[in-house]
Amino acid sequence: MTNQQDAPADDGTVEHGGPTHSGFVALIGPTNAGKSTLLNRLVGAKVSIVSHKVQTTRAVVRGIAIHNNAQIVFMDTPGIFKPRRRLDRAMVTSAWGGAKDADLIMLLIDSERGLRGDAEAILEGLKEVPQRKILVLNKIDRVRREDLLALAAAANEKIAFDQTFMISAENGSGCDDVMDYLAKTLPEGPWYYPEDQISDLPMRQLAAEITREKLFLRLHQELPYSSHVETEKWEERKDGSVRIEQVIYVERESQKKIALGKGGEAIKSISTASRKELSEILEQPVHLFLFVKVRENWGDDPERFREMGLDFPH
């Protein structure tokens, strides 16, 4: 799927395509339903970090796709779950806030897990949200057809969805049908963003998110959620390269040792993986320097929440 389509003219029409459509689609669902994978698939580029560890998306990330004559602004929200900590509460509040700001809500359910646990609670919460809603069942390649039909029927008994789609975010099956539907369903109007923009996330923040993804992938068994990455310096150099300095914040000295690894092995591996992906995204050489610092109870610091794009819950 590509983000390059006919550009809108000044009068709000697309050449050869009639009037333009645009709107915001909130992508919500339980943790690890595949929202970030689907967002990256629909946008056609990496705009949200993907990890097997749950609750990796912390704030609303907007991914922008152009399909036919429509600009679709997806809002990838944090997975909705029962919050236990202050950070959890901020993430869940952010997710529901994203849903209420959208033109249309797309509920993503993991077909293997079905309506167990958090999915049931989300369906109850959606009854109070007036926006139009569609249901998207993901990972359909892992479930028998009769089970999929039963799951779709059970969800539609609880909420009258405008449409139900069955997809695989992993291989793209069914995703074009979703895009066709959204392109014709969103309201007529001018596009919100330039044609070549794929996200509203500042590059410094996207760079921090990519390093956080590599941190999770490398240390998901050992390092808990009490880690946070910030881009502190960004220097464009005369030779066309960029120097980036980032700090990984953890809460305890023992976590710092885990992040560094024996002989610095872990931090080198994280840095190499992050630098490689950043070089590909930026299309220029990247010199990445990672530092690990202990900041006790950063999860209770309002400034850290602002850095992540979250409201600090009191």
Side-chain angles (χ1 to χ4, degrees), residues 1-4 27 31-32 34-65 74-79 169-172 175 193 196-223 225 227-237 239-250 258-261 264-293 307-309:
M1 189 167 300
T2 176
N3 221 54
Q4 298 301 314
L27 186 51
T31 56
N32 250 11
K35 294 186 301 300
S36 296
T37 301
L38 180 57
L39 176 70
N40 294 337
R41 165 75 61 182
L42 297 180
V43 171
K46 177 91 164 257
V47 293
S48 190
I49 72 170
V50 178
S51 165
H52 296 300
K53 194 164 173 134
V54 300
Q55 301 153 25
T56 45
T57 301
R58 285 178 171 168
V60 174
V61 176
R62 290 186 180 90
I64 304 155
F74 292 100
M75 301 154 68
D76 180 22
T77 61
E170 194 73 39
N171 64 31
C175 290
Y193 296 93
D196 59 354
Q197 188 170 339
I198 60 168
S199 175
D200 70 345
L201 201 63
M203 192 51 70
R204 290 170 71 108
Q205 198 174 336
L206 178 61
E209 285 289 278
I210 285 168
T211 298
R212 188 163 68 91
E213 176 188 57
K214 306 312 174 196
L215 185 74
F216 275 171
L217 292 174
R218 179 69 170 76
L219 300 172
H220 65 97
Q221 298 292 347
E222 304 151 80
L223 195 67
Y225 287 101
S227 59
H228 169 57
V229 181
E230 290 181 18
T231 301
E232 294 215 328
K233 289 186 180 177
W234 186 291
E235 179 192 349
E236 297 284 348
R237 304 177 68 170
D239 62 2
S241 66
V242 59
R243 177 191 170 96
I244 302 171
E245 292 184 14
Q246 294 178 331
V247 178
I248 298 169
Y249 288 106
V250 294
I258 292 171
L260 290 172
E265 179 192 359
I267 198 73
K268 286 175 190 170
S269 167
I270 293 161
S271 178
T272 299
S274 184
R275 183 175 66 247
K276 182 174 182 293
E277 185 159 330
L278 284 169
S279 296
E280 290 170 2
I281 290 173
L282 296 171
E283 297 180 337
Q284 65 187 123
V286 170
H287 306 283
L288 179 63
F289 299 87
L290 298 183
F291 306 91
V292 184
K293 294 182 181 179
E307 282 282 340
M308 289 184 276

Closest non-hydrogen atom pair between A65 and L42, with its separation: CB-O, 3.6 Å
Contact summary for V43 and G63, nearest pair of heavy atoms: CG2-C, 3.7 Å
Side-chain donor or acceptor of R41 paired with backbone N/O of A169 under 3.5 Å: yes
Approximate separation, where rounding is to 0.5 Å, of L27 CG and K35 NZ: 7.0 Å
Listed partners of E283 passing side chain to side chain contact (heavy atoms under 4.5 Å, CB included), at least two apart: none
Backbone N/O of R204 and side chain of T231: donor-acceptor pair under 3.5 Å: yes
Heavy-atom pair of closest approach, residues L288 and Q246: CD1-OE1, 3.7 Å
Sidechain-backbone polar pair: Q284 side chain, G240 backbone, donor-acceptor under 3.5 Å: yes
Nearest-0.5 Å distance, CD of residue E245 to CG of residue L290: 10.0 Å
Rounded distance (nearest 0.5 Å) linking atom CG of L206 with atom CD of E213: 10.0 Å
H287 NE2 to R243 CZ distance, which is reported to the nearest 0.5 Å: 9.0 Å
Partners passing salt bridge (charged side-chain N to carboxylate O under 4.0 Å, His left out) against K233 (at least two apart in sequence or in another chain): none
Spacing of K214 atom NZ and R275 atom CZ [to the nearest 0.5 Å]: 12.5 Å
E170 atom CD: more than 12 heavy-atom contacts under 6.0 Å: no
CD-CG distance between E277 and L282, expressed to the nearest 0.5 angstrom: 10.5 Å
Nearest non-hydrogen partners of L219 and A259, listed with the distance: CD1-CA, 3.7 Å
Can you give each donor-acceptor pair under 3.5 Å made by side-chain atoms of residues 266-274, sequence neighbours left out, with the distance rounded to 0.1 Å?
{"from": "S269", "atom 1": "OG", "to": "R218", "atom 2": "NE", "distance (Å)": "3.3"}
{"from": "T272", "atom 1": "OG1", "to": "K268", "atom 2": "O", "distance (Å)": "2.9"}
{"from": "S274", "atom 1": "OG", "to": "T211", "atom 2": "OG1", "distance (Å)": "2.7"}

